[in-house]
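All values below come from the heavy atoms of this structure, side chains included, with hydrogens, waters and symmetry mates left out. Atoms within a ligand are numbered from 1 in the order they appear, just like the ligands themselves. We're numbering straight along the sequence, starting at 1.
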Amino acid sequence: MQKLKFYKYQGTGNDFVMIDNRDMAIASENVSLVKRLCDRKFGVGADGLILIQPLEGYDFEMIYFNADGTKSLCGNGCRSAVMFARHLGIVGNKASFMTIDGGLKAQVNDDEVKLGMPDVKKVEEIDGDYYVNTGSPHYVAFVDEVKDYPVFEMGRSIRNNEHFAPKGGTNVNFVQKLSDHEVFVRTYERGVEDETLSCGTGVTGVVLVCHFAKQMTSPVTVQTLGGTLQISFDYDANGYTNICLQGPAKKVFEGEIEI
Ligand SMILES: N[C@H](CCC[C@H](N)C(=O)O)C(=O)O
């Protein structure tokens, strides 16, 4: 048995096991270790796990795993990874890092991280709802009272709908419009297979859908069960650019676990 140092971070309640893997001690194919560390009964417990590794030309590379070991882009995970990299002294208040979806940049403002998200070309309509990929796939449905909505049951059903099977399923977001510049979002997350307290790529996709479907303009404040996020964007005939996701990300604790 060997001892593994880990850190626990959360970004608006989306929680992650963080590992300083600059020595490359953890193989990025070690899915069984990811599942064990994310298990809320037999491990540390988290929605996902993030490895921070060196990469030529960037401050670092982050490798994100959902709790089930699958990989995708994680907006809250990116925000938390930047805060972790600053804690490690790898970066100051600005970071340029590699992700599964390419290089991203971020800036730390006090306890918040402002993350530049990938450009998005289009929002699609699907059966009266919407579908958008912000680095991860997101189904978006408008509902009346999102706080009373059966997110787990309805989210699981859509996530597993055969229409999305060829793309490995989808995350599912339910949104209630609160005003012309504010919404409330709850998300069922692929790879966590449960509702999470917030989803960064999800709230980003929701805001672009709010522009597409409800003519809401930038910036939009998003309330989630885990806290408040702000998304801003530019829009022209080529789609959505200069998309920024901003919100808090904090260290919760650190520890060691035998693996
Ligand atoms: N579950 C997502 C990845 C994590 C997304 C979420 N945690 C975020 O903050 O963007 C997927 O497999 O597509």
Atoms of ligand 1 less than 4.0 Å from N76 heavy atoms?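 Once the distances to N76 are compared, the set is 8 (C), 9 (O).
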
Please determine whether a side-chain nitrogen of the Lys or Arg among E254 and K251 lies less than 4.0 Å from a carboxylate oxygen of the Asp or Glu.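 The answer is yes: the pair qualifies as a salt bridge.
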
At the 4.0 Å heavy-atom cut-off, does T196 count as touching ligand 1?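 Contact absent.
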
Indicate, as side chain, backbone, both or neither, the part of V192 found under 4.0 angstrom from ligand 1 when only non-hydrogen atoms are considered.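 The answer is neither.
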
Is the shortest distance from a Lys or Arg side-chain nitrogen in D111 or K250 to a carboxylate oxygen in the other one below 4.0 Å?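 K250 and D111: salt-bridged.
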
Under a 4.0 angstrom heavy-atom cut-off, which atoms of ligand 1 come close to P137?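 Here the atoms of ligand 1 in question are 13 (O).
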
Note: R186-E195 ion pair, threshold 4.0 Å (strictly below):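 Yes, charged N to carboxylate O under 4.0 Å.
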
Please list the nearest protein heavy atom to atom 2 (C) of ligand 1 with its residue and the distance rounded to 0.1 Å.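 Of the protein heavy atoms, N171 OD1, 3.4 Å lies nearest.
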
Tell me the contacting part of N14 for ligand 1: side chain, backbone, both, or neither, using a 4.0 Å heavy-atom threshold, strictly below.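 N14 to ligand 1: side-chain contact only, backbone stays beyond 4.0 Å.
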
Any side-chain heavy-atom pair from F142 and K214 closer than 4.5 angstrom?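 The answer is yes, as the side chains (C-beta and beyond) meet within the 4.5 Å cut-off.
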
Under 3.5 Å, is there a donor on one side chain and an acceptor on the other for K94 and Q107?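 Yes, because at least one side-chain N or O of K94 sits under 3.5 Å from a partner of the opposite role on Q107.
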
Subset of ligand 1 atoms that lie under 4.0 Å from at least one heavy atom of T201: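 What qualifies from ligand 1 is 5 (C), 8 (C), 9 (O), 10 (O).
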
Check ion pair E182-K177 (N to O, under 4.0 angstrom):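 Here E182 does not pair with K177 in a salt bridge, since their nearest N and O are not under 4.0 Å apart.
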
Is S198 in contact with ligand 1, taking contact as a heavy-atom separation below 4.0 Å?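 No, S198 has no heavy atom closer than 4.0 Å to ligand 1.
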
Nitrogen or oxygen of G200 less than 3.5 angstrom from that of ligand 1: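 N/O-N/O distance under 3.5 Å: yes.
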
Would you call G191 a ligand 1 contact, heavy-atom distance under 4.0 Å?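 No.
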
Does the pair D101/K71 count as a salt bridge with the N-to-O cut at 4.0 Å?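 No, D101 and K71 are not salt-bridged.
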
Which of the ligand 1 atoms, numbered from 1, are nearer than 4.0 Å to a heavy atom of L73: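 Checking each atom against L73, I get 3 (C), 4 (C), 5 (C), 10 (O).
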
Applying a strict 4.0 Å limit to heavy atoms, is N66 in contact with ligand 1?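 A heavy atom of N66 does come that close to ligand 1.
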
Pairwise side-chain contact, M24 with Q53, heavy-atom cut-off 4.5 Å (strictly under):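 The answer is yes; the side chains approach within 4.5 Å.
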
Distance under 4.0 Å to a non-hydrogen atom of S136: what atoms of ligand 1 satisfy this?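 That gives atoms 3 (C), 11 (C), 13 (O) of ligand 1.
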
